[in-house]
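Computed from a predicted structure; not experimentally measured. Just so we're on the same page: letters track the sequence lines, and every chain starts at 1.
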2 protein chains.
Amino acid sequence: MKVSLLESPRWQTCSDCAVRGFAVCSALDKAELRELVTLSRHIHCDPGATVFAQATMATSFFSVLEGVLRLYKLLPDGRRQIIGFALPGDFVGLAGSPQYEFSADAIGAVVFCQFSRASFARFAENRPRFLRRINELAGRELTRAQEHMVLLGRRSAEEKVASFLVGWRDRLAEIGHVGEVLPLPMGRLDIADYLGLTIETVSRTFTKLERDGIIRILTGGISLLDAARAEALSAA
Amino acid sequence: MKVSLLESPRWQTCSDCAVRGFAVCSALDKAELRELVTLSRHIHCDPGATVFAQATMATSFFSVLEGVLRLYKLLPDGRRQIIGFALPGDFVGLAGSPQYEFSADAIGAVVFCQFSRASFARFAENRPRFLRRINELAGRELTRAQEHMVLLGRRSAEEKVASFLVGWRDRLAEIGHVGEVLPLPMGRLDIADYLGLTIETVSRTFTKLERDGIIRILTGGISLLDAARAEALSAA
DNA sequence: CGTCAGGTTGACGCGTCTCAAAGTGGGTGG
DNA sequence: CCACCCACTTTGAGACGCGTCAACCTGACG
């Protein structure tokens with residue numbers, strides 16, 4: 001069974017954009033929205049395409065419309081840590097330093113809004129409501145990062161995988177995903193690099209969770225058979 | 001040898017506050033500063049005192065003036081992850097959820113400014129310059145968190161300790177610390193919980209770094225004998 | 001000089017990584 | 001439509017880094 005995150009209808013204009021309700025621009029009125037549109041470009045990109053790379057000049061901000069981005073940092077010797085996945089509605093590029101602090105590439109096909117940093121900053125500059133909205137998103141991002149640190153520093157492999165699955169389910173639910181099946185558009189290697197494990201450990205742990213009747217492994221996703229037990233493993 | 005972070009002269013008024021140049025309030029003019037003062041209280045607290053606790057009502061924001069706070073999250077079974085140390089000039093409480101997402105307590109004696117969340121928010125509400133300043137601090141915080149994730153997920157014990165020492169040196173330098181000796185006001189257990197290690201591993205790693213001539217262990221701190229080698233270990 | 005918290009050291013075990021091989025499914029071209 | 005291919009995943013066996021448990025050391029303080 002193939003599971004897709006691209007089932008939502010395509011947008012035509014900003015006002016009926018699929019992520020209108022929860023993206024950055026939710027804090028804008030019609031007039032402002034019309035102005036912001038003139039600063040944005042819609043970009044489609046193919047599976048695996050790099051959106052931007054760590055340490056290159058940060059010329060843009062991004063708002064994801066469809067699909068999933070993986071955000072990651074690389075060590076000089078090639079070790080990779082995925083610091084998060086960006087979903088529809090997520091705003092990317094907040095850090096504010098002149099270079100990107102991490103890389104981003106598409107998992108599957110992705111559509112996003114791109115803003116030039118300079119003109120976006122000029123637009124935001126004197127709009128307290130919009131600035132507060134950006135603050136809100138930054139705060140949420142920060143809270144997620146802190147939770148992720150606990151996971152990386154203090155949880156076992158099994159707890160990590162369970163936390164990931166529960167967290168992923170909750171994030172998809174937030175953006176309106178429903179259904180028995182939990183799609184996992186990213187591969188095992190991505191999950192491993194997100195959790196600070198190796199691909200083999202992730203694979204073994206998935207198998208163990210399935211043996212224990214907690215999940216069912218499908219191609220491109222899983223089914224959470226025993227959500228309560230998974231939540232217990234992810235240990236608040 | 002005893003090393004202190006409290007050598008700086010005490011403030012009298014906001015305008016000659018020791019952290020005036022790099023705290024949140026650096027974005028304010030004299031008049032605004034005078035207004036903000038009326039919303040703040042100066043608090044002194046003793047070594048080990050808890051400033052706020054995870055999952056309690058988030059009624060305040062904090063700006064550190066002197067000393068160091070440890071910020072941490074606890075798992076139900078008692079495992080602890082320190083997500084950061086707050087130094088003079090740092091602003092704490094950004095996340096914006098109704099409850100605190102983590103706990104904070106004093107390492108050594110601490111002095112900070114406390115703001116009621118509600119009145120602080122009202123003050124900030126229509127001050128774009130101030131909101132942008134808060135954004136800037138949030139972005140820096142986020143960048144640090146991302147770097148920390150790489151450390152927790154992808155570095156060995158030795159790399160973790162070296163990164164910590166180099167990072168700590170740089171943060172102290174940013175707030176004006178100079179001198180051969182790097183003070184470490186936190187104990188080994190704090191360092192372990194910051195790095196996702198046990199206290200024994202941290203202790204052993206310190207010893208190894210000293211044997212290798214990279215550091216010298218002092219009471220209450222270290223001396224970085226071979227900064228280049230430490231930086232190489234922390235592997236950018 | 002005794003006490004106590006914090007730090008260090010050692011021996012051992014376990015969880016995760018490493019290296020290697022085999023299995024699986026989707027896509028492509030004959 | 002089938003057979004091959006390739007990337008991805010799973011499984012296994014063995015090694016190793018870090019955790020665990022326990023003992024000892026050290027310096028600050030009364």
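The distance between atom CD1 of B/Ile199 and atom C1' of C/dA5, rounded to the nearest whole Å, is 10 Å. Rounded to whole Å, atom P of C/dC14 lies 17 Å from atom CD of A/Glu158. Here D/dA13 presents its P atom at 11 Å from CZ of A/Arg204, a figure rounded to the nearest Å. A/Leu197 places its CG atom 7 Å from the P atom of C/dT16, with the value rounded to the nearest Å. With rounding to whole Å, A/Leu184 atom CG is found 10 Å from D/dT9 atom P. If you measure from atom CZ of B/Phe206 to atom P of D/dT26, you get 19 Å, rounded to the nearest angstrom. If you take CD1 of A/Ile191 and P of D/dC8, they are 13 Å apart, rounded to a whole angstrom. Across the protein-nucleic acid pair, B/Arg188 atom CZ and D/dC25 atom P stand 19 Å apart, rounded to whole Å.
At C/dC17, one or more side-chain N or O atoms of A/Thr201 fall inside 4.0 Å of OP1 or OP2 (strictly under the cut-off).
Between B/Arg41 and B/Phe115 the shortest side-chain heavy-atom distance does not fall below 4.5 Å.
For A/Thr198, the listed nucleotide lying nearest its side chain is C/dC17; candidates were D/dT10, D/dT11, C/dC17. Residue B/Thr207 has its side chain nearest to C/dT9 when only C/dT16, C/dT9, C/dT8 are considered.
In this structure, A/Gly196 reaches the sugar-phosphate backbone alone: every heavy-atom distance under 4.0 Å involves primed, P, OP1 or OP2 atoms, never a base.
Each of A/Arg211 and B/Glu200 has a nearest nucleotide on DNA chain D; the 5'-most of these lies closest to A/Arg211.
Annotation: cation-pi pair B/Arg80/B/Tyr72 present, NZ/CZ under 6.0 Å from the ring centroid and within 45° of its normal.
Side-chain contact annotation: A/Gln114 with A/Ser60, donor-acceptor N/O pair under 3.5 Å present.
When B/Asp90, B/Asp193, B/Asp105 are each tested for a salt bridge (Lys or Arg N to Asp or Glu O under 4.0 Å) with B/Arg70, only one passes: B/Asp105.
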